[in-house]
Amino acid sequence: MRIGIIGGGAVGLLTAAYFSNHYDVTVYTRRQEQAEQLCTHGLTVICGDERTTHRVHAEPFVRETNVDVLFIAVKQYDLTNILKTNMHMLRADAVMFLQNGMGHVSHLPHMPHHHIALAVVEHGALKIDDTTVSHTGVGKTKWSVWRGKKETFSFLYTTDARFPFQYVGDWETMLIEKLMVNVAINPLTALLQVPNGMLVTHAPYRQAMEQLFHEVASIFQIEQRERIWQHIETVCQQTAANRSSMLRDIEAGRMTELDAILGYVIERANERCVPAPISAFLYALMKGKQLEGETER
């Protein structure tokens with residue numbers, strides 16, 4: 001089976017490495033330089049004290065893909081551009097999306113593919129350089145079929161035990177629950193410039209996160225709030241030393257997924273005529289933080 005992965009970031013590289021043990025994998029990168037480095041040196045995964053190098057093919061994403069299954073592992077702001085301008089290049093029998101946020105869902109009805117799946121990645125991953133990714137936290141990837149047959153993705157269960165997949169019947173609930181985790185952790189850690197664990201160990205930060213959580217839960221009319229809140233606390237504890245992806249983006253002066261995460265929440269609140277003062281306030285502060293970083297570059 002030929003597997004293609006669009007995106008040479010942490011999630012794309014981690015996914016490529018574990019699938020490369022069983023399948024023919026091609027990583028489609030943004031830059032020619034990264035593709036050349038991956039072809040020359042291979043893809044190295046650091047997991048604890050272990051380092052393993054995997055052979056993958058790589059090429060820049062400048063023409064049509066030619067694979068059986070395509071994983072799209074770019075961030076939301078890049079994904080929107082791909083789905084609007086490069087849809088014709090996504091040649092595959094089946095497609096799986098690996099994104100934070102839910103901004104891509106509105107594009108799915110316009111895709112020609114018969115088999116489309118959505119997934120949320122709960123692993124900790126940190127890109128060290130163009131050919132190296134650190135598997136900082138072993139979790140699982142939850143996935144669900146948006147259109148097509150579940151059996152098309154049966155190959156998911158042949159990967160390494162450290163990269164397991166779990167099927168979920170309700171894709172919308174799966175994405176919303178992941179969105180809740182991202183909303184609660186990413187903007188606050190980025191604004192406060194603290195690692196994940198401080199959101200639960202520092203009482204004032206925990207209180208702010210809880211207030212934000214309940215506001216967003218009301219917007220999406222979530223019933224099982226206690227279970228999801230406990231999950232968010234667990235994520236913070238298990239990734240206590242980690243710096244969220246949004247915090248790392250702010251520190252590096254890069255664009256963030258703020259619009260795909262908190263911006264999406266505010267859009268839904270406006271559609272449903274539900275007040276979202278905490279979300280709007282945090283969004284404005286983070287926009288300022290993001291613009292500040294862009295100005296300093």
Visitor: Using only atom types and a distance under 3.5 Å, with no angle test, would you say the side chain of His123 pairs donor to acceptor with the backbone of Gly139?
Guide: yes
Visitor: I need the full list of salt bridge (charged side-chain N to carboxylate O under 4.0 Å, His left out) pairs touching residues 129-144, with sequence neighbours left out, sorted by first then second residue.
Guide: Arg31-Asp130, Glu122-Lys142, Lys127-Asp130
Visitor: Regarding Asn242 and Asn196, is there a side-chain donor-to-acceptor distance under 3.5 Å anywhere?
Guide: no
Visitor: About how many Å separate NZ of Lys150 and CG of Leu156, when rounded to the nearest 0.5 Å?
Guide: 10.5 Å
Visitor: Short question: side chain of Arg55, backbone of Asn21 - any donor-acceptor pair under 3.5 Å?
Guide: no
Visitor: In Å, rounded to the nearest 0.5 Å, how long is the span from CD1 of Ile185 to OG1 of Thr239?
Guide: 5.5 Å
Visitor: Between Gln193 (side chain only) and Leu247 (backbone N and O only), is there a donor and an acceptor less than 3.5 Å apart?
Guide: no
Visitor: Does a sphere of radius 6.0 Å around NE2 in His22 hold more than 12 heavy atoms from other residues, nucleotides or ligands, not counting ones at 6.0 Å or beyond?
Guide: yes
Visitor: Tell me which one of Arg147, Glu172, Met174 satisfies side chain to side chain contact (heavy atoms under 4.5 Å, CB included) with Leu118.
Guide: Met174
Visitor: Evaluate the side-chain proximity of Cys47 to Val138: yes if any heavy-atom separation is below 4.5 Å, no if none is.
Guide: yes
Visitor: Taking only residues at least two apart or on different chains, which pairs with a member in residues 222-232 satisfy salt bridge (charged side-chain N to carboxylate O under 4.0 Å, His left out)?
Guide: Glu177-Arg227
Visitor: Only pairs at least two apart or in different chains count here, so list each ring pair (Phe, Tyr, Trp, His ring centres under 6.0 Å) that has a residue in residues 42-65.
Guide: none
Visitor: I'd like to know whether Ile5 forms a side-chain contact (heavy atoms from CB on, under 4.5 Å) with Ile3, so could you lay out the CA-CA distance, the side-chain angles of the two residues, the decisive distance to 0.1 Å, and finally the verdict.
Guide: CA-CA 7 Å; Ile5 297 171; Ile3 290 178; 4.2 Å; yes
Visitor: Holding to ring pair (Phe, Tyr, Trp, His ring centres under 6.0 Å), I want the full list of residues that pass it with Phe19, two or more places apart in sequence or in another chain.
Guide: Phe71, Phe155, Phe165
Visitor: Can you name the side-chain contact (heavy atoms from CB on, under 4.5 Å) partners of Arg2, sequence neighbours left out?
Guide: Asp24, Asn66, Val67, Asp68
Visitor: Would you say the side chain of His135 lies within less than 4.5 Å of the side chain of Leu14, judging by non-hydrogen atoms?
Guide: yes
Visitor: Can you get from Val11 to Ile6 by hopping between Ile, Leu, Val, Met, Phe, Trp and Tyr side chains that sit under 4.5 Å apart?
Guide: no
Visitor: From Thr40 OG1 over to Leu38 CG, what is the distance, rounded to the nearest 0.5 angstrom?
Guide: 9.0 Å
Visitor: Using a distance-only test with no angle check, is there a side-chain donor-acceptor pair under 3.5 angstrom linking Thr131 and Gln37?
Guide: no
Visitor: Which heavy atom of Gly7 sits nearest a heavy atom of Val27, and at what distance?
Guide: O-CG1, 4.0 Å
Visitor: Among all residues two or more places apart in sequence or in another chain, which pass the salt bridge (Lys or Arg N to Asp or Glu O under 4.0 Å) test with Arg63?
Guide: Glu59
Visitor: Same cluster or not: Ile82 versus Leu98, using hydrophobic residues (I, L, V, M, F, W, Y) connected whenever any side-chain heavy atoms lie under 4.5 Å apart?
Guide: no
Visitor: Are the side chains of Tyr28 and Val62 in contact, using a 4.5 Å heavy-atom criterion?
Guide: no
Visitor: Return the CD1 to CD distance between Ile176 and Gln221, rounded to the nearest 0.5 Å.
Guide: 9.5 Å
Visitor: Shortest non-hydrogen contact from Ala190 to Met286?
Guide: CB-CE, 3.6 Å
Visitor: Say whether Tyr77 and Thr256, considering side chains only, have a donor N or O and an acceptor N or O under 3.5 Å apart.
Guide: no
Visitor: Would you please test Trp143 and Gln166 for side-chain contact (heavy atoms from CB on, under 4.5 Å) and show each step?
Guide: CA-CA 6 Å; Trp143 69 285; Gln166 177 186 331; 5.7 Å; no
Visitor: Taking all non-hydrogen atoms of both residues into account, name the closest pair between Pro109 and Ser106 and its distance.
Guide: CD-O, 3.4 Å
Visitor: Go through the structure and list residues passing salt bridge (Lys or Arg N to Asp or Glu O under 4.0 Å) with Glu151, not counting sequence neighbours.
Guide: none
Visitor: Whether the Thr132 and Thr44 side chains hold a donor-acceptor pair (N or O, under 3.5 Å, no angle test) is what I'd like checked.
Guide: no
Visitor: Can you find a pair of side-chain heavy atoms, one from Ile72 and one from Met96, that are under 4.5 Å apart?
Guide: no
Visitor: Judged by atom type as modelled, is there a donor-acceptor pair below 3.5 Å linking the side chain of Glu215 to the main-chain atoms of Ile278?
Guide: yes
Visitor: Would you say Val120 ends up clustered with Tyr157 if hydrophobic residues are merged whenever their side chains have heavy atoms under 4.5 Å apart, either directly or through other cluster members?
Guide: no
Visitor: Counting C-beta onward and ignoring hydrogens, is there a side-chain heavy-atom pair between Val95 and His115 closer than 4.5 Å?
Guide: no
Visitor: Look only at the side chain of Gln76 and the backbone of Asn100, and say whether a donor-acceptor pair between them is shorter than 3.5 Å.
Guide: yes
Visitor: Is there a side-chain contact (heavy atoms from CB on, under 4.5 Å) between Val133 and Ile128? Walk through the geometry before answering.
Guide: CA-CA 5 Å; Val133 61; Ile128 306 300; over 6 Å; no
Visitor: Of all heavy-atom pairs between Pro277 and Pro275, which one has the smallest distance, and what is that distance?
Guide: CD-C, 3.5 Å
Visitor: Measure the spacing between OG of Ser154 and NZ of Lys149 and express it to the nearest 0.5 Å.
Guide: 12.0 Å
Visitor: Looking at every non-hydrogen atom in both residues, tell me the closest pair between Ala94 and Thr152 and how far apart they are.
Guide: CB-CG2, 3.8 Å
Visitor: Cut-off 3.5 Å, no hydrogens considered: what does the side-chain donor-acceptor table look like for residues 83-93, sequence neighbours left out?
Guide:
from	atom 1	to	atom 2	distance (Å)
Thr85	OG1	Asn81	O	2.7
Arg91	NH1	Glu64	OE1	3.1

Visitor: State, to 0.1 Å, how close Gly169 and Ser144 come at their nearest heavy-atom pair, and which atoms those are.
Guide: O-OG, 3.7 Å
Visitor: Could you name each residue pair satisfying ring pair (Phe, Tyr, Trp, His ring centres under 6.0 Å) that touches residues 224-269, not counting sequence neighbours?
Guide: Phe213-Trp229
Visitor: Check for a donor-acceptor pair, side chain of Thr173 on one end and backbone N or O of Asp170 on the other, with a separation under 3.5 Å.
Guide: no
Visitor: Under the salt bridge (charged side-chain N to carboxylate O under 4.0 Å, His left out) rule, what pairs show up with a residue in residues 259-284, not counting sequence neighbours?
Guide: Asp259-Lys287, Arg268-Glu271
Visitor: Does some side-chain heavy atom of Glu210 sit less than 4.5 Å from a side-chain heavy atom of His214?
Guide: yes
Visitor: Evaluate Ile232 against Met209 for side-chain contact (heavy atoms from CB on, under 4.5 Å), listing each step before the verdict.
Guide: CA-CA 10 Å; Ile232 291 171; Met209 181 170 66; 4.1 Å; yes
Visitor: Within the 4.5 Å heavy-atom criterion, are Phe163 and Thr141 side-chain neighbours or not?
Guide: yes
Visitor: Please report the interatomic distance OG(Ser279) to CD1(Ile266), rounded to the nearest 0.5 Å.
Guide: 6.0 Å
Visitor: Do Leu191 and Met180 sit in the same hydrophobic cluster, where Ile, Leu, Val, Met, Phe, Trp and Tyr count as joined when their side-chain heavy atoms come under 4.5 Å apart?
Guide: yes
Visitor: Are side-chain heavy atoms of Leu192 and Leu199 found at a separation under 4.5 Å?
Guide: yes
Visitor: Got a sec, which pairs hit salt bridge (charged side-chain N to carboxylate O under 4.0 Å, His left out) with one end in residues 229-249, sequence neighbours left out?
Guide: Lys75-Asp249, Arg206-Glu233, Arg243-Glu251, Asp249-Arg254
Visitor: Using ring pair (Phe, Tyr, Trp, His ring centres under 6.0 Å) as the criterion, list what pairs up with His104, not counting sequence neighbours.
Guide: Phe97
